Amino acid sequence: MDKGFVYLVGAGPGRADLITVRGAEVLKIADCIIYDKLANPALLKFARADAEIIHVPKRTSGASVTQEEINRLLLEKASAGQTVVRLKGGDPCIFGRCAEELAVLIEAGIGFEIVPGITAGIAVAAYAGIMLTDREYSSQVVFVTGHEAQGKRDSSIDWHLLAKFSGTIVFYMAMGNLNSIAERLMENGMGADTPTAVIADATFPTQRVVKAALDDISEKCKQQGIEPPAIVVIGAAAGSNTRLNWFMKKPLFGKNIVVTRDAVGNVDFAAKIISRCGNPLKFAAIKIKPLTETNEFLRTLAKITEYDWIIFTSGNGVTIFFEALQGLGKDARVFGSAKIAAIGSRTAAKLSEFGIRADFVPSVFTGKELGIQLISYANLRGKKVLLLRSQLASNELVEILDKGGAEVQDVAVYTAIEQKSECVWLIEKISNSRIDWLTFASPSAVNGFFEQIRSDLINSAKVKVASIGPVTSERLKTLGLSIDLTATDHTLDGLLDAIEQTYKV
Ligand code: SAH
């Protein structure tokens, strides 16, 4: 049997999109992915559906996988001919026991490649605005492990040298020993007032920064409940100008935002929130159920070339329609010369993924505006119009098109059904004021959510409610909810824009 191959990949410091392009590429081809506690599990989205995923949470103490077991696992998988990705937090070669893992492979004659990653110590510079080097105050940087600080005598760290170091000192794995690290530096002559910063959960929406003098940092971290993983920066750099901290100043930074779409939609929405530095919490309130096997749908498809206009009112409708087409061995050519309208930019973008350029998109993304604007754009009198949309969509659009003289057929491509989700954690967070926003992107999500969570809990708790548009807001009002915000641009981005706006003065 051919020997396998191992990619030792740096996952980056935390936020999933900080992995390298090469790292993401090799994740896509792996037969087996062995990943660490510090590697963001969101990166597994790159994995092949049939890839074997093995989590090896390595801790310094307690029951967990030992380094020897990991080495054995790597050898076993690669010897079986697999392409293995060993995914490690940050950069694999910085305090990553990289050489030990490679030694085993080299001995067994197994090929490997190292894909570097952004190490946590470097990431804090960017994400906490702490410049590790600066022409004014630091021309050198040193990375140190804080893990060795306790066993005083056998430490390989030259404390005397470190205490005199005139640049920036970056400690990894230091939280357990922070007090003794500070003491040893001071014992060796470092000033008690040396600026020190601790950055926990760097690059995540939960990132925290504590700044204090060296002799006070340990106490301050304790008071503020700072927990690992954290990087400790010592030296003038730690006192960097807070104006450089762009990340924590983002309007959605650290905001806990609950998304309530279907599971797939939630992933999409969560990614948008993360890219704006917010913290999404996924609660699937609904499940999307295709209705493309019904006789009505199949009959409509058979005569689809008879329609003058075909209208899509959601990205879901587009995706499900095209999936059904594909299943029947057909493609976008079924539309013939029919014109296509989309309710908004997102639906139009989805259509373009399938090679269709929407002929019409209204300026305001609601069913009502779509109807009114389409009538004035195209003379629909006597024209055959097909709506391919959710079974739950309101009748307003049909009525408007009817009035415009169109011959309308409204065909359900999918429906949303309520989904039971584990909700104890969410109720607890809402009750403890740990949630900033609840978001709703459709009336069916409102229904699904409040089937499971009492509306009076929301009204009495300190949580704000944001709705994507008037139809969703109407549904919320019917249930007695007080709405803090209805987006004026009825897209997910519009909803997030509106939430961001509330934090801008
Ligand atoms: N190879 C990793 C480091 C592994 S050692 C890298 O290059 O980043 C583990 C230490 O890394 C933690 O104790 C902590 O000091 C640091 N670390 C990793 N991820 C971090 C994060 N998101 N925020 C702060 N520190 C982090």
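Values in this document were obtained by computation on a predicted structure and should not be read as measured data. Counting starts at 1 for both ligands and their atoms, in listed order. If you read the sequence from its start, that first residue is 1, and numbering goes on from there.
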_Using the rule given for side-chain contact (heavy atoms from CB on, under 4.5 Å), can you reason through W437 versus D484, listing the C-alpha separation, both sets of side-chain angles and the distance that settles it, and then say yes or no?_
CA-CA 9 Å; W437 291 91; D484 294 272; 4.1 Å; yes
### Task
Say whether I118, considering both its backbone and side-chain N or O atoms, lies within less than 3.5 Å of an N or O atom on ligand 1.
no
Counting heavy atoms under 4.0 Å, the part of V124 that contacts ligand 1 is neither
Open item on the list: Between S455 (side chain only) and L481 (backbone N and O only), is there a donor and an acceptor less than 3.5 Å apart?
Closed with: no
*Does T203 offer a backbone N or O that forms a donor-acceptor pair with the side chain of Q207 under 3.5 Å?*
yes
N or O pair under 3.5 Å between A200 and ligand 1
no
Near F95 (heavy-atom distance under 4.0 Å), the atoms of ligand 1 are 4 (C), 5 (S)
Closest to atom 17 (N) of ligand 1 among protein heavy atoms sits A120 CB, 3.4 Å
Give me the ring orientation class for F253 and F247: parallel if the planes are under 30° apart, tilted from 30 to 60°, perpendicular past 60°.
perpendicular
Nearest non-hydrogen protein atom to atom 2 (C) of ligand 1, with distance, is G89 O, 3.2 Å
In this structure, atom 7 (O) of ligand 1 is nearest to the protein heavy atom T119 OG1, 2.6 Å
Atoms of ligand 1 under 4.0 Å from any heavy atom of L38, numbered from 1 in the order shown, are 9 (C), 18 (C)
**Prompt:** Is there a donor-acceptor contact under 3.5 Å linking the side chains of S467 and S473?
**Reply:** yes
Determine whether the side chains of R434 and N256 contain a donor N or O and an acceptor N or O closer than 3.5 Å. no
- Task: Give yes if a backbone or side-chain nitrogen or oxygen of Y172 is under 3.5 Å from a nitrogen or oxygen of ligand 1, and no if not.
- Result: no
Atoms of ligand 1 under 4.0 Å from any heavy atom of I199, numbered from 1 in the order shown, are 24 (C)
Do T168 and T133 make a side-chain contact, defined as non-hydrogen atoms from C-beta onward lying under 4.5 Å apart? no
Close N or O approach (P13, ligand 1; < 3.5 Å): yes
Short N-O contact, E25 and K28, less than 4.0 angstrom: no
Query raised in the report: Are side-chain N/O atoms of Q501 and D497 paired as donor and acceptor at under 3.5 Å?
Result: no
inquiry  = Under a 4.0 Å threshold between the charged nitrogen and the carboxylate oxygen, would R97 count as salt-bridged to D36?
reply    = no
Item to complete: Please determine if M173 has a nitrogen or oxygen closer than 3.5 Å to a nitrogen or oxygen of ligand 1.
Response: yes
Contact region, A230 to ligand 1, non-hydrogen atoms below 4.0 Å, reads backbone
TODO: Consider every N or O of A202 and every N or O of ligand 1, then say whether any pair is closer than 3.5 Å.
DONE: yes
**Q.** Contact with ligand 1 for G14, non-hydrogen, under 4.0 angstrom
**A.** no
heavy-atom search around atom 3 (C) of ligand 1 in the protein gives I94 O, 3.6 Å
Fit a plane to each ring of F322 and F354, take the angle between them on a 0 to 90° scale, and name the class: parallel (under 30°), tilted (30 to 60°) or perpendicular (over 60°). parallel
message = Please report whether ligand 1 has a polar contact with T203, defined as an N or O pair separated by less than 3.5 Å (distance criterion only).
response = no
To atom 25 (N) of ligand 1, the nearest of I231, V198, I122 on a heavy-atom basis is I231
